[in-house]
Amino acid sequence: MSGKNTQVVPKTRGLMNCSFHSLVAALLIAVFMVSGFYITREKNLLVEDHPERNKDADKSANYQMANENRTAPDGHREEEKSGSGLFSGCDLFSGKWVFDNKSFPMYKEQDCSFIDDGIACEKFGRKDLKYQHWRWQPHDCDLPRFNATAMLERLRGKRLVFVGDSLNRNQWVSMVCLVQSQIPPALKSMHINGSLMTFKANEYNASIDFYWAPLLVESNSDDLFHHRIPNRIIRAQAIEKHARHWTDADILVFNSYLWWRRPTLKVLWGSFESHDGIYKDVGMLRSYEMVLRTWSDWLDIHIDRVKTKLFFTSMSPTHNRADGWGMPASQKCNNETEPISKEWYWGIDSDPRMMRLVEASIDELKTKGLKVQILNITQLSEYRKDAHPSIHRMQWGSKEELANPMRYADCTHWCLPGVPDVWNTLLYTYIFHY
Ligand SMILES: *[C@@H]1O[C@H](CO)[C@@H](O)[C@H](O)[C@H]1NC(C)=O
Ligand SMILES: *[C@@H]1O[C@H](CO)[C@@H](O)[C@H](O)[C@H]1NC(C)=O
Ligand SMILES: *[C@@H]1O[C@H](CO)[C@@H](O)[C@H](O)[C@H]1NC(C)=O
Ligand SMILES: *[C@@H]1O[C@H](CO)[C@@H](O)[C@H](O)[C@H]1NC(C)=O
Ligand SMILES: *[C@@H]1O[C@H](CO)[C@@H](O)[C@H](O)[C@H]1NC(C)=O
Ligand SMILES: *[C@@H]1O[C@H](CO)[C@@H](O)[C@H](O)[C@H]1NC(C)=O
Ligand SMILES: *[C@@H]1O[C@H](CO)[C@@H](O)[C@H](O)[C@H]1NC(C)=O
């Protein structure tokens, strides 16, 4: 298990390490870009584009009626009708990937300068681009098309904050890419301040932020760029220092998973600065539970139940062992060009016990009147062994790592455009339709 960990974590660090430079570069590009080409790929995903659509008779009458009205007379989805519960009765997370090179990708890699070198797969030589062309097709309904203008309108005067680790950052970059093509260069900006990265759409007074807190609470890995630390220490009760940066958010999207993948963590009672703190090794599940308790207590006390929408993105699967789908284990996700087609495929790195703990926390919050929606992306992402950067990313790290790119391939993060765009489409669906 620790062997696996040492592979997962360096990659996380790597993405963060090289990201600073690319973000600064991106900032400069954003500032100096005079004329951009704006992709207006607002082609609708009409119902008739979905030959795979499940037409089972046992769909609830309620859903069928809603579905009939999903496409407005002019063929445009009526995405503005919020709160209509159009998707109630449909499990958005249960479905399959359908090859669709007409509607996907939703943007081009070259058109989004905010994609950092850890996940810019085309830029780093990936030739097979099939991974960009898959649409997630729930069994019982169709996802709406992500509409960047509608999203920006919804975020007018608001703040959307992603809080978590580099996978959540992956999703944040995707969200920025999904909306940024609609904004002229002079009207958008990117700033970094401490652990907070802020994308701003000036005209809308909207900000889309990422806050680095890989273990949610205070830890010795809290530096956005320098968290290359082999032993995890957490202050399981201390979240305030992070949380004050997002108390006022209108939409919060949390995640925290991969940094927990080790048998135990050191829990600190006391502060990092003082010398009389008490350290204790605590089993991973137990410490995860403690932190989720701190997190949910904080939400319970500080979150404005009327104003703030809450989401928790479930664990992002890794594809570090190819024997899971019948290849030699050492091959990892290298050279994979197709999703896994076996229904319910579940990799060994996704720990359902941790998902249960998140669900339990969220169920308890519900009894206190706080609704947290789980973006249950694990199963749908499990299928996508083809969608990781593998060797197509900025190479970094130790000599040994540089000498063995295949062995140290990144099968953890996701190429953009790609799978996180679908996570954000699911988020979008919840924001507009629930
Ligand atoms: C569908 O649209 C029609 C016409 O606008 C309306 O009469 C009907 O109530 C709608 N059905 C549902 C389920 O919303
Ligand atoms: C899209 O896919 C179809 C069917 O696989 C193929 O014939 C066509 O060439 C593809 N088009 C592009 C632009 O990739
Ligand atoms: C996207 O949303 C905007 C603003 O709500 C709307 O005017 C436009 O028609 C939508 N585009 C599509 C293709 O649905
Ligand atoms: C801009 O948005 C922020 C929230 O992100 C809000 O506090 C502020 O009042 C808004 N400013 C204007 C001028 O609307
Ligand atoms: C950075 O964040 C701190 C709060 O953590 C704030 O006091 C400071 O003004 C911010 N700096 C900039 C340049 O925004
Ligand atoms: C994987 O692809 C690389 C080139 O990208 C090639 O050198 C290598 O032989 C391939 N490995 C397998 C097992 O197909
Ligand atoms: C998320 O999906 C998994 C498998 O697809 C399922 O076992 C789990 O119960 C789901 N969790 C929630 C909260 O829906």
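For ligands, and for the atoms within them, numbers begin at 1 and follow the listed sequence. Just so it is clear, the model here is predicted, and its values are computed rather than measured.
Every atom of ligand 7 is numbered from 1 in the order shown, and the set under 4.0 Å from a heavy atom of Ile374 is 13 (C). The ligand atoms of ligand 7 that sit less than 4.0 angstrom from a heavy atom of Glu359 are 8 (C), 9 (O), 10 (C), 11 (N), 12 (C), 13 (C).
Listed by chain and number, residues touching ligand 5 at under 4.0 Å (heavy atoms only) are Asn193, His245.
Between Asn376 and ligand 7, a contact under 3.5 Å exists for at least one N or O pair. Any N or O atom pair closer than 3.5 Å counts here, and Ser207 shares no such pair with ligand 4.
Contact annotation: Gly157 has at least one heavy atom less than 4.0 Å from an atom of ligand 4.
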Would you sort out whether Trp295 and Tyr288 count as a ring-ring contact (aromatic ring centres under 6.0 Å, His included), showing the intermediate values? CA-CA 10 Å; Trp295 169 78; Tyr288 194 52; 9.6 Å; no

Please lay out, stage by stage, how His413 and Leu167 fare under the test side chain to side chain contact (heavy atoms under 4.5 Å, CB included). CA-CA 6 Å; His413 300 101; Leu167 273 308; 4.1 Å; yes

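Counting heavy atoms closer than 4.0 Å to ligand 7, residue Arg356 contributes side-chain atoms (C-beta onward) but none from N, CA, C or O.
By the 6.0 Å and 45° rule, Lys96 does not stack over the aromatic ring of Tyr383. Annotation: cation-pi pair Arg384/Trp97 present, NZ/CZ under 6.0 Å from the ring centroid and within 45° of its normal.
Looking only at distances, no side-chain donor or acceptor of Asp323 sits under 3.5 Å from a matching main-chain atom of Gly326. Judged by distance alone, with hydrogens and angles left aside, the side-chain atoms of Lys332 form a donor-acceptor pair with the main-chain N or O of Ala409 at under 3.5 Å.
Note on ring orientation: taking the six-membered ring where Trp is involved, the planes of Phe254 and Trp246 are perpendicular (angle over 60°, cut-offs 30° and 60°). Classified by interplanar angle (parallel below 30°, tilted 30° to 60°, perpendicular above 60°), the ring pair Phe432/Tyr428 is tilted.
Ser256 and Trp260 share a side-chain donor-acceptor pair at under 3.5 Å.
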